Amino acid sequence: MPMIRTKTNLELSAEAESRLKEKLGKAIEAIPGKSERWLMLEFADRCRLWFQGDNSRPLAFVEVMLYGSASDSAYDALTEAITRILGEELGIAPDCVYVEYQETGHWGWNGSNF
């Protein structure tokens, strides 16, 4: 039950969003037991993001929410994949991306909770 929210100050074309969807769908497999089958994605473009007092560079803030937990090495692998994907698809440098992880033991779906 993962959710990945990506906020960027860039404008996303439909094609770029589709490529991000595909690549993030594969990247989530860095977390054992997670797959695109249960992955929900949200993309917010043209956000007013500032980093180090500057908003002139391409930036992204990514939130990864996860039912359960994962190892540090799994999170390291996913962060590497996310920053690589954003670099390849949007030209965002890895040092202009923050990735936040949130773990939860409570997740609702289909009228009940896990």
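Note that the structure is a prediction, hence the values are computed from the model and not measured.
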- Do the non-hydrogen side-chain atoms of Trp107 and Met3 ever get within less than 4.5 Å of each other? yes
- Message: I'd like to check Val64 versus Leu78 (side-chain heavy atoms, cut-off strictly below 4.5 Å). Are they in contact?
- Response: yes
- Message: Running the 4.5 Å side-chain criterion over Ile, Leu, Val, Met, Phe, Trp and Tyr, what cluster does Trp50 land in, apart from itself?
- Response: none
- Item | OH-CG distance between Tyr98 and Leu49, expressed to the nearest 0.5 angstrom | 11.5 Å
- Any Leu24 side-chain heavy atom under 4.5 Å of Ile85 side chain: yes
- Would a hydrophobic clustering, with Ile, Leu, Val, Met, Phe, Trp and Tyr connected at side-chain separations under 4.5 Å, put Leu39 with Tyr101? yes
- Where is the tightest heavy-atom contact between Ile28 and Ser35, given as atom of each residue plus distance? CG2-C, 3.6 Å
- Query: Is the Phe114 ring parallel, tilted or perpendicular to the Trp38 ring (thresholds 30°, 60°)?
  - Reply: perpendicular
- Query: After noting the C-alpha distance and the side-chain angles of Phe51 and Phe61, does the key distance pass the ring pair (Phe, Tyr, Trp, His ring centres under 6.0 Å) rule?
  - Reply: CA-CA 10 Å; Phe51 183 56; Phe61 180 76; over 10 Å; no
- Item | Residues Lys23 and Glu89 bridged, charged N to O under 4.0 Å | yes
- Message: Quick one, Arg19 with Glu88, criterion salt bridge (Lys or Arg N to Asp or Glu O under 4.0 Å). Give me CA distance, side-chain angles, the key distance, then yes/no.
- Response: CA-CA 10 Å; Arg19 288 190 306 270; Glu88 290 170 355; over 6 Å; no
- Message: Counting C-beta onward and ignoring hydrogens, is there a side-chain heavy-atom pair between Lys34 and Glu29 closer than 4.5 Å?
- Response: no
- Message: Run the salt bridge (charged side-chain N to carboxylate O under 4.0 Å, His left out) test against Asp95 and tell me which residues pass, sequence neighbours left out.
- Response: Arg57
- So, do Tyr75 and Leu66 sit near enough that their side-chain heavy atoms are less than 4.5 Å apart? yes
- Message: Determine whether Glu80 and Arg84 satisfy the following criterion, salt bridge (Lys or Arg N to Asp or Glu O under 4.0 Å), listing intermediate values before the conclusion.
- Response: CA-CA 6 Å; Glu80 186 282 324; Arg84 180 177 33 78; 3.3 Å; yes
- Item | Point-to-point distance, once rounded to the nearest 0.5 Å, from CG of Leu90 to OG of Ser13 | 8.5 Å
- Are Thr8 and Ile92 close enough that some pair of their side-chain heavy atoms sits under 4.5 Å apart? yes
- Message: Checking the side chain of Asp45 only, and the main-chain atoms of Leu12 only, is there a donor and an acceptor separated by less than 3.5 Å?
- Response: yes
- Message: Distance check, rounded to the nearest 0.5 Å: Gln52 atom CD versus Cys96 atom SG?
- Response: 7.0 Å
- Query: Is any side-chain heavy atom of Leu20 less than 4.5 Å from a side-chain heavy atom of Leu86?
  - Reply: yes
- Measuring from Glu63:CD to Arg5:CZ, what's the distance to the nearest 0.5 Å? 5.5 Å
- What is the minimum heavy-atom distance between Ala30 and Ala74, and which atoms define it? O-CB, 3.5 Å
- Task: Quick one: pull up CZ in Arg48 and CG in Asn9 and give me the separation to the nearest 0.5 Å.
- Result: 12.0 Å
- Task: Indicate the atoms forming the closest heavy-atom contact of Glu103 with Ala70, along with that distance.
- Result: OE2-N, 3.4 Å
- Value for CE (Met65) from CD1 (Ile4), rounded to nearest 0.5 Å, stands at 9.0 Å
- Lys21 with Glu17: basic N within carboxylate O range, under 4.0 Å: no
- Item | Side-chain touch Leu59/Leu10, heavy atoms, less than 4.5 angstrom | no
